[in-house]
Amino acid sequence: MNVLITGAAGFIGSHLSDKFISEGHRVTSLDNYLTGSPDNLEHLRNETRFKFIEQDITQPFTAADDIDLVMHFASPASPKDYLAHPMETMKAGSTGTRLTLELAREKKSRYLMASTSEIYGDPAVHPQGETYRGNVNTLSPRAVYDEAKRFSETICLTYYREFGLDVRIARIFNTYGERMQVNDGRVVPTFLTQALKDEPITVYGDGTQTRSLCYISDLVEGLYHLTTLEGLAGTVVNLGNPDELQIIEVANLIRQLTGSRSGIVFQPLPEDDPKRRCPDIIKAKRLLNWQPEVSINHGLEKTARYFERILNINKEE
Ligand code: UDP
């Protein structure tokens with residue numbers, strides 16, 4: 001298969017590129033490095049089935065080759081990044097989604113949209129199933145991401161209904177692992193960096209808010225099933241790990257796993273920070289025969305080893 005991945009230099013996009021290459025496919029990857037990094041794709045540089053094009057997907061572009069699958073992952077994705085790049089975030093989820101859908105239509109290819117648990121906002125229903133319509137504050141700074149992704153979902157299903165395009169939508173819940181940017185502000189890279197440096201761990205609010213953390217290899221498996229199985233046109237599915245943890249528990253687990261001497265400091269909760277988040281994955285289990293396999297301890301240990309290397313920290317010293 002010829003696969004085109006936008007946002008391929010990002011955390012999830014780079015792991016997806018690896019997966020499709022390892023399964024024998026050809027990958028054309030696009031990124032403008034707004035929040036991604038060339039380091040994430042360095043290991044694929046000499047791979048003949050891999051091609052990189054530096055491209056802002058909110059600007060018109062064409063692809064010379066045939067394409068069987070377009071995967072749209074280009075967008076700032078951490079709250080810190082999308083609040084720093086609000087216009088780019090809204091463009092990636094509006095113009096970027098429309099242009100990539102047009103490309104898929106022209107190439108008669110399948111299309112996968114990277115949506116998000118953020119479309120549920122600060123959820124009033126728990127856990128969140130795909131039929132829940134969400135609770136987004138459209139006026140919040142955070143809504144630049146939430147609403148861009150909600151628009152993306154709607155335009156994807158419009159292309160499905162109007163043009164018969166084979167679109168699939170993954171609502172991706174909090175995912176962590178190697179190649180997250182050290183300073184992207186999300187909970188796992190931030191806490192791991194602080195713990196490894198024995199610096200205070202910054203828990204926002206009282207730390208009782210919850211998230212459900214999925215290790216990257218589990219997410220990539222789910223995405224691979226969602227894109228390669230037949231008969232899923234028009235499908236929207238949650239992908240995430242339903243093991244729900246309080247943020248204070250994540251902080252303590254990371255301190256323990258890294259043998260850190262860090263203390264915990266409490267800082268103000270960001271505006272409209274969701275109080276609880278946990279995916280209902282019954283649909284993913286049924287349709288994709290998929291569920292996460294990697295335990296939080298194992299996933300965090302692997303991620304900690306990556307950050308030790310990136311930060312040049314030797315805990316044995
Ligand atoms: N968080 C925290 N300290 C940090 C970074 C994040 O307590 O240094 C909290 C944040 O307030 C949220 C949760 O961890 O409740 C997950 O935040 P993240 O930015 O990773 O992703 P989100 O799920 O909010 O998009």
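Just so you know, ligand 1 is whichever comes first in the structure, and atom 1 is the first atom listed for that ligand.
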K.L.:
Could you tell me whether some N/O pair between T202 and ligand 1 is separated by less than 3.5 angstrom?
P.N.:
yes
K.L.:
Need the ligand 1 atom indices (1-based, order shown) with element for anything under 4.0 Å from a heavy-atom of T190.
P.N.:
8 (O)
K.L.:
Do me a favour and list the nearest non-hydrogen protein atom to atom 13 (C) of ligand 1 with residue, atom name and distance?
P.N.:
I247 CD1, 3.6 Å
K.L.:
Measuring from the heavy atoms of S78, does anything fall under 4.0 Å of ligand 1?
P.N.:
no
K.L.:
Kindly say whether the aromatic ring centers of Y33 and F52 come within a distance under 6.0 Å.
P.N.:
yes
K.L.:
Would you check if there is a donor-acceptor pair between the side chains of Y120 and E130 at a distance under 3.5 Å?
P.N.:
no
K.L.:
Are S152 and T97 linked by a side-chain donor-acceptor pair shorter than 3.5 Å?
P.N.:
yes
K.L.:
Parallel, tilted or perpendicular: which one describes the rings of H72 and Y111, with boundaries at 30° and 60°?
P.N.:
tilted
K.L.:
Measure the distance from atom 24 (O) of ligand 1 to every protein heavy atom, then report the residue, atom name and distance (to 0.1 Å) of the closest one.
P.N.:
R142 NH2, 2.9 Å
K.L.:
Starting from atom 10 (C) of ligand 1, which protein heavy atom do you reach first, and at what distance in Å?
P.N.:
D273 OD2, 3.3 Å
K.L.:
Would you say D206 and T208 are linked by a side-chain donor-acceptor pair, where the criterion is simply a distance under 3.5 Å?
P.N.:
yes
K.L.:
Report yes or no: does a heavy atom of M180 sit under 4.0 Å from some atom of ligand 1?
P.N.:
no
K.L.:
Hey, what's the ring geometry for H25 with F20, parallel, tilted or perpendicular (30° and 60° as the breaks)?
P.N.:
tilted
K.L.:
Which atoms of ligand 1 are found less than 4.0 Å from any heavy atom of V203?
P.N.:
7 (O)
K.L.:
Considering both backbone and side-chain atoms of R186, is one of its nitrogen or oxygen atoms within less than 3.5 Å of a nitrogen or oxygen in ligand 1?
P.N.:
no
K.L.:
Under a 4.0 angstrom heavy-atom cut-off, which atoms of ligand 1 come close to E118?
P.N.:
25 (O)
K.L.:
Centre of F163's six-membered ring, under 6.0 Å away, within 45 degrees of the axis: is that where NZ or CZ of R105 sits?
P.N.:
yes
K.L.:
Measuring from non-hydrogen atoms of Q194 to any atom of ligand 1, is the shortest distance under 4.0 Å?
P.N.:
no
K.L.:
Pull out every atom of ligand 1 sitting under 4.0 Å from any heavy atom of G185, numbered as shown with elements.
P.N.:
5 (C)
K.L.:
May I ask you to identify the nearest protein heavy atom to atom 9 (C) of ligand 1, giving residue, atom name and distance to one decimal place in Å?
P.N.:
Q209 NE2, 3.9 Å
K.L.:
If you take all heavy atoms of K149 and A114, which pair is closest and at what distance?
P.N.:
NZ-O, 2.8 Å
K.L.:
Heavy atoms only, cut-off 4.0 Å: how does R277 contact ligand 1, side chain, backbone, both, or neither?
P.N.:
side chain
K.L.:
Roughly how far, to the nearest 0.5 Å, is the CE atom of M180 from the CZ atom of R186?
P.N.:
4.0 Å
K.L.:
For the atom pair CG (N137) and CD (E147), what is the distance rounded to the nearest 0.5 Å?
P.N.:
9.0 Å
K.L.:
Can you check whether R211 has an N/O within less than 3.5 Å of an N/O in ligand 1?
P.N.:
yes
K.L.:
Suppose we measure from atom 20 (O) of ligand 1 to each protein heavy atom; which comes out shortest, and what is that distance?
P.N.:
V187 N, 2.8 Å
K.L.:
With heavy atoms under 4.0 Å as the rule, classify the contact between P270 and ligand 1 as side chain, backbone, both or neither.
P.N.:
side chain
K.L.:
Please determine whether side chain to side chain donor-acceptor pair (under 3.5 Å) holds for the pair T210 and Q246, giving the CA-CA distance in whole Å, both sets of side-chain angles, and the decisive distance to 0.1 Å.
P.N.:
CA-CA 4 Å; T210 68; Q246 291 189 342; over 6 Å; no
K.L.:
Counting each atom of ligand 1 from 1 as listed, which ones have a heavy atom of F191 under 4.0 Å away?
P.N.:
2 (C), 3 (N), 4 (C), 7 (O), 8 (O)
K.L.:
Strictly under 4.0 Å, does any heavy atom of K80 approach an atom of ligand 1?
P.N.:
no
K.L.:
Could you check P127, S212, P292, C214 and say which one makes a side-chain contact (heavy atoms from CB on, under 4.5 Å) with I281?
P.N.:
P292
K.L.:
May I ask whether I5 and L101 are part of the same hydrophobic cluster, defined by side-chain heavy atoms of I, L, V, M, F, W, Y residues being less than 4.5 angstrom apart, directly or through others?
P.N.:
no
K.L.:
For atom 1 (N) of ligand 1, what's the nearest protein heavy atom and its distance?
P.N.:
Y204 CD1, 3.5 Å
K.L.:
How far is atom 21 (O) of ligand 1 from its nearest protein heavy atom, and which residue and atom is that?
P.N.:
N174 ND2, 3.6 Å
